[in-house]
Amino acid sequence: MSRPVNDKNFDMVSTLYHASQGVQLSSQFSQDAKENSDQDAQAFFDRVAKHYQEIADEARKLLKQKL
């Protein structure tokens with residue numbers, strides 16, 4: 001994959017952005033599973049959202065240190 005932007009912080013910002021989107025989507029999927037009474041899927045999407053949140057938090061922390 002080619003690198004579209006040559007910016008030292010682009011990769012971190014992009015990761016933060018995509019992880020944040022992952023939190024939102026996974027949370028919505030969890031809600032959908034809850035509405036369908038699918039506890040296994042709900043628990044899975046809750047774990048996924050938690051992992052994405054951890055990634056976003058770490059990226060945010062690293063960016064704060066760099067900027």
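Just so you know, these numbers use all the heavy atoms, side chains as well, and skip hydrogens, waters and symmetry mates.
- A donor-acceptor contact shorter than 3.5 Å is absent between the side chain of Ser14 and the backbone of Phe10.
- Annotation for Gln53 and Val23: closest pair N-CG2, 3.4 Å, computed over non-hydrogen atoms.
- Alongside Ile55, the hydrophobic cluster contains no other residue (criterion: ILVMFWY side chains under 4.5 Å).
- Evaluation of the salt bridge (Lys or Arg N to Asp or Glu O under 4.0 Å) test over residues 32-50, restricted to residues two or more places apart or in two chains, returns none.
- Taking hydrophobic clusters as Ile, Leu, Val, Met, Phe, Trp and Tyr residues chained together by side-chain heavy-atom distances below 4.5 Å, Leu16 shares a cluster with Leu62.
- Residues satisfying the side-chain hydrogen bond (donor to acceptor under 3.5 Å, both in side chains) test with Ser27, not counting sequence neighbours, are none.
- In this structure, Gln31 places its CD atom where more than 12 heavy-atom neighbours from other residues, nucleotides or ligands lie under 6.0 Å away.
- Looking at residues two or more places apart in sequence or on another chain, you find a salt bridge (charged side-chain N to carboxylate O under 4.0 Å, His left out) between Asp57 and Arg60.
- For Ser26 (side chain) and Gly22 (main-chain N/O), a donor-acceptor pair under 3.5 Å exists by modelled atom type.
- Partners of Gln24 according to the side-chain hydrogen bond (donor to acceptor under 3.5 Å, both in side chains) rule, which considers only residues two or more places apart in sequence or in another chain, do not exist here.
- Counting only residues at least two apart or in different chains, ring pair (Phe, Tyr, Trp, His ring centres under 6.0 Å) contacts with residues 41-61 comprise Phe29-Phe45.
- For the pair Gln42 and Ala33, the tightest heavy-atom approach, listed with the atom from each and the gap, is N-CB, 3.5 Å.
- Leu67 contributes atom CG, which lies 10.0 Å from atom CE of Met12 (distance to the nearest 0.5 angstrom).
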